[in-house]
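Notes follow once the structure below has been shown.
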Amino acid sequence: SLQRIAPNAPFWPPLLSSAQRAGRCGHRAEVGMRALWPFGGGDTDDEDSSVAFKYPDALSDAEDDQFGVAEAEQKLAQFSTIEVDQDLYTNLLMSMMSPTDNFATKVFAVSLVILVACLQCVLSFAILTHVQIAMSWTSQSVESKAMHELYEGLLHGGRLSYIRLERADVVSLCGDFQYDLEDKGLEGTNWTAYYEYTKVPVNNWHAWEIPPTDRSQLDIARFVLENEEYVCVYVIVTFMWILSIMNNLRLAFQMMLAMTQMPTAKHHEEKTLRLDQDEYQIMSLNYTAKLFGLACVLYRTFITSVITWVGCQFLMWTSTNIELILNALALTFILELDRITYKAAITASRQNLISRLRRLTWYDPTGISRKYMNFSKLSMMFSVLGASSLVTFGLRQIQYYAYMDMFTLAASICLFQGPTPGYWTQFRDTFPAPGLCETVLGLKCEAPIVGEAGVPCVENWNQKLCKFYVQTDSLFSTWSSIDWQNQGACVAHINGRPYPVRDLMFGQEGPTLQLLSQACQKMWQREPQIEFRNKARDSTGPRLRVYPYQEFVPSGPFWCKYFEGSEKVILPGRPLEITKWAEQLEACVPSTLAYSGGRGDGMLRGAGIGEMDDAAGADNLTASDGPFSGVWLNPKMGVVIIENKGSSAVVTNSLLPWSPVPAKVTKKTLKFLKEPYYSCKLKDDGKIYMSNGEVLVNQKTEADKMNQKKDNRNGPRFAWFR
């Protein structure tokens, strides 16, 4: 509803006396003013009534319309204005103000607001769920759960697990390490061959040079913690995001003041708009419009607060520069849904009217902004910028400690749950992932056991000399080519000179890599000691690691005894703070590596390395009285270890979601007591038939069969694939 009146008519005349209106209008008669003003209030004759605040017209109507900046600002300090947004909330307000809008039109306006509110809540919840499950390291995160299961699986209830990390786990958590064997000597050593690990794809530990899709969990954590470019982008994006949120909250508060201070139309016939210089001024609101308007203000405050909470977590767990910017834009898109829907769904005539609405006027009820202008300027600037800076700094600190916890957990798994020198025995020692310490320290290592063809046995086990090593307990021998006193099996080769591991200094590549380097240095066995076949051996040791499913890779002599060693770091629930690792790992040297006496050789041969001349060595790993006890093999599941004592059993396998799994034995039937709740039957043919369709064969039985065949297949033999 519109009413055309003189362009220079004052705003909200109920606040002005007749004398003041006459003084401002000059030639216009008071009676004429009363006739033009639709709300009444012009019949007062109180000459002493004061003006609550003035309006922009006061400047143009004054006798002298030339002002300095300070004087103009002082005059305008009595009031403030806020622009009317072109969105669904304003459309709802206009619909409630218009008596010509029927019930269906008003319901449609309310429905659009509710629809957008639902969309904003759903999108916010979707982002929050994605952050908690796929991005963060909270208790609900899939990655966090998986890593904690690996971490707890290593402890194995106080006993270290048989089977450690698989190759895919190492690549995902620690990085992709590949070795390159050189069949030549290394300057400064007596070696005849050596190998060197590289961290692909960039051959260094500069996490910022690795493409985001190829980064391991260690790389992601190091990038967020140490990359200066990322820190700058995160601080800038978060700071601007907080500023935009504070601006939205400030506008919502100003809109609330403008609506509550606006006069209320008591009758629906009253005119609520007037035309002023081709713009429409809202002069009053009816009760319904005020009610819905205030409800919209409260909802905008609520959804802004929700998106602030979601957005801070979304940005905090974003680990790349470009995704920080894109995610901030995605959050802004959610806040703009009301404007987008308004442009698409509201008629052109209503949009045209809303676009021509003048700014709403409101005043500071405390009067501080008028009385203390300079103070209000400084306080506003420092409060907004200071609060935004404080929130940004706090979020960065929370992010730093969260990613440091992530780095510590990943580092504990990579350093202490690497594959062992042999899957057939339960070591009481912890090993790093092959290639981790070698690349962190930049080492070159003497190639383990080279055959008569000059090729390391790890690449060709069919060489006669390699078979001889297995048969004569010389698996760890390297002909005294290593200077155990001064160098060890690995050295850092810099500028043509070898440097022993114990003399290396760190601190050039950032604090996280320095912490990894110090831990690796503490686990370094310069003169390794082993106990193999119940015999103690000095200055020798395994420099091979066996991933599950018989994947042999070379590795330097890095390990640490669990008791009184790595157990001080691998605490129940979560590892010790990584900055304290170096001190706690002092007891790692010396660590005598013990193999199970009487079983290592037979199991090694049963694994297919060299000729299997002695089938008696392939005895079952577990000596128990149950029919299910033993080492069982399957092409898909690999090695399955069952310890059966009476009516109870424990099943260990790396593919089971819970390993070891408790089980119940009834005669020749075994049932899992935890997921996946398989049932197994031991039949007369000596095989175990599982409910998932897999068949397990006894490792000793298969070794006996292969010993009878005496075939001469090339390369390592895997008994369970025959």
Problem - Side-chain donor or acceptor of Ser591 paired with backbone N/O of Cys560 under 3.5 Å - result: no
Handout entry: CD/Glu209: more than 12 non-hydrogen atoms of other groups inside 6.0 Å
Key = yes
Handout entry: Reported CG-to-NZ distance for the pair Leu673 and Lys664, which is rounded to 0.5 angstrom
Key = 8.0 Å
Exercise for the section: Mind listing the closest non-hydrogen atom pair of Thr430 and Arg164 along with its distance? Expected result: CA-NH1, 4.1 Å
Exercise for the section: Specify the closest pair of heavy atoms between Arg545 and Pro421, including all atoms of both residues, with the distance to one decimal. Expected result: NH1-CG, 3.9 Å
Handout entry: Contact summary for Glu446 and Ile482, nearest pair of heavy atoms
Key = OE1-CD1, 3.9 Å
Practice task
With sequence neighbours left out, write down each residue that passes ring-ring contact (aromatic ring centres under 6.0 Å, His included) with Tyr197, or none if nothing qualifies.
Solution key: Tyr179, Tyr195
Exercise for the section: Ignoring hydrogens and angles, tell me if any N or O in the side chain of Glu438 forms a donor-acceptor pair with the backbone of Cys445 under 3.5 Å. Expected result: no
Problem - Residue pair Asp429 / Ala594: nearest heavy atoms and the distance that separates them - result: OD1-N, 4.2 Å
Practice task
Output yes when a side-chain donor or acceptor of Arg215 lies under 3.5 Å from a complementary backbone atom of Ile210, and no otherwise.
Solution key: yes
Practice task
Show your working on side chain to side chain donor-acceptor pair (under 3.5 Å) between Ser172 and Asp169 and close with a plain yes or no.
Solution key: CA-CA 5 Å; Ser172 174; Asp169 296 327; over 6 Å; no
Exercise for the section: Locate the shortest heavy-atom distance separating Arg167 from Phe177; write the atom from each residue and the value. Expected result: NH2-O, 3.3 Å
Exercise for the section: Please test Glu143 against Ser141 for side chain to side chain donor-acceptor pair (under 3.5 Å), starting from the C-alpha separation and ending with a verdict. Expected result: CA-CA 5 Å; Glu143 289 287 348; Ser141 168; over 6 Å; no
Problem - Thr198 (side chain) donor-acceptor with Gln178 (main chain) under 3.5 angstrom - result: yes
Practice task
Keeping the roles fixed (side chain from Gln525, backbone from Trp559), state whether a donor-acceptor pair exists under 3.5 Å.
Solution key: yes
Exercise for the section: Report yes or no: do Gln313 and Ser136 form a side-chain donor-acceptor pair below 3.5 Å? Expected result: no
Problem - Backbone N/O of Leu165 and side chain of Gln417: donor-acceptor pair under 3.5 Å - result: no
Exercise for the section: Taking all heavy atoms of Arg502 and all of Gln521, pick out the closest pair and write down the distance. Expected result: O-NE2, 3.4 Å
Fill in the blank from the handout: Which of Trp205, Trp208, Tyr230 passes ring pair (Phe, Tyr, Trp, His ring centres under 6.0 Å) with Phe223? Answer is Tyr230
Problem - Check: Tyr403 main-chain N/O paired with Trp137 side-chain donor or acceptor under 3.5 Å - result: no
Handout entry: Side-chain donor/acceptor of Glu586 to backbone N/O of Glu583, under 3.5 Å
Key = no
Exercise for the section: Could you tell me which residues satisfy ring-ring contact (aromatic ring centres under 6.0 Å, His included) with Phe672, sequence neighbours excluded, listed by chain and number? Expected result: Tyr678
Practice task
If the plane angle is over 60° it's perpendicular, under 30° parallel, otherwise tilted; pick one for Phe314 and His130.
Solution key: perpendicular
Exercise for the section: Report the residues that fulfil side chain to side chain donor-acceptor pair (under 3.5 Å) with Ser517, sequence neighbours left out, ordered by chain and then residue number. Expected result: none
Exercise for the section: Check whether any side-chain N or O of Glu152 sits under 3.5 Å from a backbone N or O of Gly573 as a donor-acceptor pair, and report yes or no. Expected result: yes
Practice task
For the residue pair Thr138 and Gln140, confirm or rule out a side-chain donor-acceptor distance under 3.5 Å.
Solution key: no
